[in-house]
Amino acid sequence: MATIDLHTHSYYSDGALSPEQLVQRAWDCGVKMMALTDHDSTAGLSEAHAVGQRLGVHIIDGLELSTQWQKLNVHVLGLHLQVEHPGLKILLSQQAAARGERARRMAERFEQLGIRGVYDQALALAESPDTLSRQHFAQVLLARGVVHSLQQAFDRYLGDGKKAAVPMPWVTMEEGIAVLLQAGATVVLAHPLRYGMTLTRLLKLLQAFAAAGGQAVEMATATQDAAMIPWLVRQADTLGLKSSQGSDYHGPHMPWVELGQFADMPPSCRPVWSDWP
Ligand code: AMP
Ligand code: MN
Ligand code: MN
Ligand code: MN
């Protein structure tokens, strides 16, 4: 049980809970410091702060930026950022517009596949058209019985190169990191062990991330291969990267993840929050 959880989602991206419900649940789970890190959005932060103040949960302003690196979708967390930074706001509005456009194009693919009306059903789960995520489409496919797990929805329809996938013009990882740094963020590579890369490729990603100014890797998170942690600790050490931790909680519909629940990071790691005010 961790009291610090630096990776969570509300319904301002593909999470199921409102910021208020999320912070309440964090408090119930014993979390004392929580970053709200919605995908490409800071829209839930003010609501999270209001509840955090009431309950005594310290809220960190964050987001999870969708980026591309060598044609792969790589997620970068920005923590402790300036929400009102103009460059950041421009980037987020571009990403939101691209997200909305992709959702419409994915819906067309589903119509062509004979799976009709998914757009409206997905939209009912989302806060707005521009926050529509592949996760929402996966939930619709699961609810309809088209697939029997969220994973299968990605394997068959939504994953890169699959039947309903539409490539996204996300910001490059390097540009994204630059904008986050300008906005004062501490920049963390999200879930490095979940990209399904070979170790050679993952090492290249870590090197590129550090060279671009990235400051930490997510060392402790809910679903990742524990056997790989010693390898990741060594690479982080070599590259001078700190370590972060977070559940990547999305809501009660994914009961295998809970706020504040993940294995401790090894004691030799330098926590990313060590030099925060
Ligand atoms: P998007 O940002 O719209 O491209 O959607 C990506 C989101 O889908 C991620 O943030 C995860 O929440 C979710 N996701 C990605 N891959 C999987 C998977 N294999 N199983 C379940 N959820 C996934
Ligand atoms: Mn997500
Ligand atoms: Mn992610
Ligand atoms: Mn996430």
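For ligands, and for the atoms within them, numbers begin at 1 and follow the listed sequence.
- Considering all non-hydrogen atoms of both residues, Pro252 and Leu17 come closest at CD-CD2, 3.8 Å.
- Taking a cut-off of under 4.0 Å to the non-hydrogen atoms of His250, the atoms of ligand 1 that pass are 12 (O).
- Any N or O atom pair closer than 3.5 Å counts here, and His75 shares no such pair with ligand 1.
- Among protein heavy atoms, the minimum distance from atom 7 (C) of ligand 1 is reached at Asp14 OD2, 3.6 Å.
- The number of heavy-atom neighbours closer than 6.0 Å to CD of Gln68, taken from other residues, nucleotides and ligands shown, is above 12.
- Within ligand 1, the atoms closer than 4.0 Å to a non-hydrogen atom of Arg102 are 1 (P), 3 (O), 4 (O), numbered from 1 in the order shown.
- Using a 4.0 Å cut-off to heavy atoms of His39, the atoms of ligand 1 that qualify are 10 (O).
- Between Asn73 and ligand 1, no N or O atom pair is found at a separation short of 3.5 Å.
- Legend: residues meeting ring pair (Phe, Tyr, Trp, His ring centres under 6.0 Å) with Phe209, ordered by chain and number and at least two apart, are absent.
- Aromatic ring pairs are classed by plane angle as parallel below 30°, tilted from 30° to 60° and perpendicular above 60°; the pair His39 and His9 is parallel.
- Distances from the Mn ion (ligand 2) to the N/O/S atoms of Asp14 are shortest for OD2.
- Listing protein N, O or S atoms at distances below 2.8 Å from the Mn ion (ligand 4), with waters left out, gives His7 NE2, His9 NE2, Glu64 OE1, Asp248 OD1.
- For ligand 1, one of its N or O atoms has an N or O atom of Arg134 under 3.5 Å away.
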Could you walk me through whether Tyr195 and Arg201 pass side chain to side chain donor-acceptor pair (under 3.5 Å), step by step? CA-CA 10 Å; Tyr195 296 114; Arg201 190 111 196 264; over 6 Å; no

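- Both Trp69 and Val217 belong to a common hydrophobic cluster when Ile, Leu, Val, Met, Phe, Trp and Tyr are linked at side-chain heavy-atom distances under 4.5 angstrom.
- A donor-acceptor pair under 3.5 Å is formed between the side chain of His136 and the backbone N or O of Ser133.
- By the criterion of a heavy-atom distance under 4.0 Å, the side chain of Arg99, and not its backbone, is placed next to ligand 1.
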